[in-house]
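The structure under discussion appears below in the form of structure tokens.
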Number of protein chains: 2
Amino acid sequence: MTNRKDNDFLNGVPELLILRLLARQPMYGYELVQTIRLTSDDVLAFGEGCIYPILHRLESEGCLASRREEVAGRNRVVYRLTQAGRKRLETATARWEGITAAVGRLLGGGSDGSPFMA
Amino acid sequence: MTNRKDNDFLNGVPELLILRLLARQPMYGYELVQTIRLTSDDVLAFGEGCIYPILHRLESEGCLASRREEVAGRNRVVYRLTQAGRKRLETATARWEGITAAVGRLLGGGSDGSPFMA
DNA sequence: ACGAGATACCTCGCAGCGAGAGGTATGCGG
DNA sequence: CCGCATACCTCTCGCTGCGAGGTATCTCGT
């Protein structure tokens, strides 16, 4: 109401996290959503409408493989990382680290002025 | 070619960096663009079409104050942070740190499984 | 027995933001 | 004198995450 958005502020991050979590162990969509929300203490709270499309896209790109599982009459689609997915995770991680490092440099940057027209 | 985009991957970050740089010292738009690009070794390279609108918006929101400067026949609009801007910088910084911390936790997270359905 | 809520999957449309192209003007170096 | 760097600006496009909406089953409290 007061503010248009409350938590936004990211980009490509959902994909990175999905990749990373699936590298650790196979999981299903709903579990990923909860895990991200719980582990981050609600700082990161991607809706299912954000996660599922990414899952489908990553699978169609060969980064994930899925397998249906029947647990207590409930249908789960469990995803695991493929080799291509592992590769994708590496580049995504590197990118993220590069960005946070750069932002950190700008943020923490000493009292010295800008390198432009020094 | 291969990939549609080469460097995207952020959100709200430009605003944060502008705020932070202006907290250090007053600067003009073009200088901000160059400083961010140079300091980050081209990792972060926001175009002018990204920076100027943010500058205008932040000023209209009272976070920045501008002053025209005539240097060698060249017109510069120098911005400085207001008190409100300082406040905004604080919350934006806190937000960014919260997010990177959360992502780091997810990324580095030990071998222990998800806290969901432990 | 029944309804609410959690589990589990899915899709669609909106809105915000950054990217990039395009546009103006001046000063300086080759 | 042409082009590049400086310096400002605006507009449109496309991507992506958000929220709302939709289905179905199982469980727990009442």
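Keep in mind that this is a model prediction, so the values were computed, not measured. Just so it is clear: chains get the letters A, B, ... in the order the sequence lines come, proteins before strands, and each one is counted from 1.
- The distance from atom CG of A:Leu55 to atom CG of A:Leu22, rounded to the nearest 0.5 Å, is 7.0 Å.
- In this structure, A:Glu15 places its CD atom 13 Å from C1' of D:dG17, rounding to the nearest Å.
- Atom pair B:Glu48:CD and C:dG18:P shows a separation of 16 Å (rounding to whole Å applied).
- Atom C1' of nucleotide C:dC10 and atom OH of A:Tyr52 are separated by 8 Å, given to the nearest angstrom.
- Mapping B:Tyr79 and B:Gln34 onto DNA chain D by nearest heavy atom places B:Gln34 closer to the 5' end of the strand.
- When each of A:Cys63, A:Pro26, A:Ser66 is checked for a side-chain contact (heavy atoms from CB on, under 4.5 Å) with A:Tyr79, only A:Ser66 meets the rule.
- Following rounding to the nearest Å, B:Leu44 (CG) and C:dG18 (P) show an atom-to-atom distance of 11 Å.
- With rounding to the nearest 0.5 Å, the separation of CG in B:Leu38 from CG in B:Leu44 is 12.0 Å.
- For B:Val77, counting side-chain heavy atoms from C-beta on, the closest listed nucleotide (D:dC9, C:dT11, C:dC17) is D:dC9.
- In this structure, B:Tyr30 places its OH atom 18 Å from P of C:dA25, rounding to the nearest Å.
- Set against D:dT10, C:dC10, D:dA7, the side chain of B:Arg76 has D:dA7 as its closest nucleotide.
- Base contact: A:Gly49 has a heavy atom under 4.0 Å from a base atom.
- Closest approach of A:Gly62 and A:Thr82 over heavy atoms only: O-OG1, 2.7 Å.
- Mapping B:Gly47 and A:Cys50 onto DNA chain C by nearest heavy atom places A:Cys50 at the nucleotide closer to the 5' end.
- Map A:Gly73 and B:His56 each onto its nearest nucleotide of DNA chain D; the residue landing nearer the 5' end is B:His56.
- At whole-Å resolution of the value, CD in A:Glu31 and C1' in C:dA8 are 12 Å apart.
- With C:dT26, C:dC9, D:dT16 as the candidates, the nucleotide lying closest to the side chain of B:Arg74 is C:dT26.
- Rounded to an integer number of Å, the gap from A:Leu58 CG to D:dT16 C1' is 13 Å.
- A distance-only check finds a donor-acceptor pair linking the side chain of B:Thr100 to the backbone of B:Glu97 [under 3.5 Å].
- Rounded to an integer number of Å, the gap from CZ of A:Arg57 to C1' of D:dG17 is 12 Å.
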